[in-house]
Amino acid sequence: MENTAEYSRLIALTLAGSREAYGELYEATVRDVYRTVRFLVSEPSDADDVVQEIYIELHRSLGQYDGMRDFRPWLMGLVMRQIQAYRRKGWRHFRIMQKAEQTSLVIENDFAGEVIDRLSSRALLDKVNRLPYKLKQVIILHYLEECSQEEIAAILNIPLGTVKSRIHAALQKLRRKHKADTIRIGKVEDLHES
């Protein structure tokens with residue numbers, strides 16, 4: 001659903017007390033929300049919790065939505081704020097656990113097939129996942145969620161120039177990583193040919 005008027009209608013009905021309208025709003029948005037969360041939150045069980053928190057916060061915040069603005073960027077801003085809250089909470093928890101005992105983190109790749117198709121390969125997904133969070137954020141919003149640079153600036157509440165420089169920096173890192181991998185593969189192949 002891309003129609004701002006339809007989102008506004010569902011929001012108005014939800015604010016008037018319609019559970020069905022909120023259900024429709026949820027169904028129209030959950031796929032994109034979950035996909036974004038899943039890329040930015042490493043543990044699948046945590047991603048489910050974050051999505052739940054997002055929809056609780058969405059319900060609380062609907063009265064603040066300005067129907068004259070596009071809904072999707074507004075929603076993605078809420079998504080990013082909830083992910084940031086999760087990351088802050090997770091970092092505190094991680095530090096506490098790290099002091100208590102040594103832990104090893106296992107990052108499980110649980111990506112839907114369409115996401116893999118969108119980003120073309122598992123190798124690319126792995127490279128995107130290794131980017132610093134701020135760079136990964138803009139890549140996910142720009143290339144996966146197809147947000148414009150202006151929308152990303154509004155979602156993340158950062159200047160447009162910062163968005164552009166982060167996208168550029170992320171692409172540079174991905175290119176350098178690709179070039180380094182290609183050189184390593186070539187050296188391995190040379191060793192086997194000797």
Indicate if Val30 and Leu13 have the same hydrophobic cluster label, given that clusters are the connected sets of ILVMFWY residues with side-chain heavy-atom separations under 4.5 angstrom. no
Over all atoms of both residues, closest heavy-atom pair of Pro159 and Ala153: C-CB, 4.2 Å
d(Glu24 CD, Glu20 CD) to nearest 0.5 Å is 8.5 Å
Atom CG of Asp66 with >12 non-hydrogen neighbours under 6.0 angstrom: yes
Nearest 0.5 Å please: distance from the CG atom of Leu75 over to the CE atom of Met80. 10.0 Å
Which donor-acceptor pairs under 3.5 Å do the side chains of residues 162-169 make with protein atoms, sequence neighbours left out?
residue : atom : partner : partner atom : Å
Ser165  : OG   : Gly161  : O            : 3.3
Ser165  : OG   : Thr162  : O            : 3.0

Straight-line distance of Leu15 CG to Tyr65 OH, nearest 0.5 Å: 11.5 Å
If I compare all heavy atoms of Met76 with all of Leu141, which pair ends up nearest, and what's the gap? SD-CD2, 4.2 Å
Determine whether Leu58 and Trp74 make a side-chain contact, defined as any pair of heavy atoms from C-beta on separated by less than 4.5 Å. yes
Which distance, rounded to the nearest 0.5 Å, do you find between the OG of Ser61 and the CG of Leu78? 5.0 Å
With heavy-atom distances below 4.5 Å as the criterion, would you say the side chains of Val37 and Tyr86 are in contact? no
Heavy-atom distance under 4.5 Å between the side chains of Val79 and Ile155, does that happen here? no
Inter-residue atom distance Glu151.CD - Arg69.CZ, 0.5 Å rounding: 10.5 Å
Give a yes or no on whether Tyr22 and Ile56 share a hydrophobic cluster (residues Ile, Leu, Val, Met, Phe, Trp, Tyr; joining criterion: side-chain heavy atoms under 4.5 Å apart). no
Which residues satisfy the side-chain hydrogen bond (donor to acceptor under 3.5 Å, both in side chains) test with Tyr55, sequence neighbours excluded? Thr29
Test: Glu145 and Arg72 ion pair at under 4.0 Å: yes
Can you tell me how far the CG atom of Leu174 sits from the CG atom of Leu131, to the nearest 0.5 Å? 4.5 Å
Please determine whether side-chain contact (heavy atoms from CB on, under 4.5 Å) holds for the pair Leu40 and Tyr133, giving the CA-CA distance in whole Å, both sets of side-chain angles, and the decisive distance to 0.1 Å. CA-CA 8 Å; Leu40 296 172; Tyr133 182 75; 3.8 Å; yes
What is the minimum heavy-atom distance between Arg9 and Glu6, and which atoms define it? NH2-OE2, 2.6 Å
Starting from the C-alpha separation in whole Å, work towards a yes-or-no answer on side-chain contact (heavy atoms from CB on, under 4.5 Å) for Arg35 and Arg38. CA-CA 5 Å; Arg35 183 175 51 199; Arg38 187 60 194 96; 5.8 Å; no
Tell me, with the steps shown, if Asp49 and Val41 meet side-chain contact (heavy atoms from CB on, under 4.5 Å). CA-CA 10 Å; Asp49 292 343; Val41 174; over 6 Å; no
Joint hydrophobic cluster, Leu171 plus Ile158, side-chain heavy atoms closer than 4.5 Å: yes
Closest heavy-atom contact between Ala47 and Tyr34? CB-CE1, 4.3 Å
Polar side-chain atom of Lys173 near backbone of Arg130 as donor-acceptor pair, under 3.5 Å: no
Using distance alone, with no hydrogens and no angle criterion, decide if Gln84 and Arg81 have a side-chain donor and acceptor under 3.5 Å apart. no
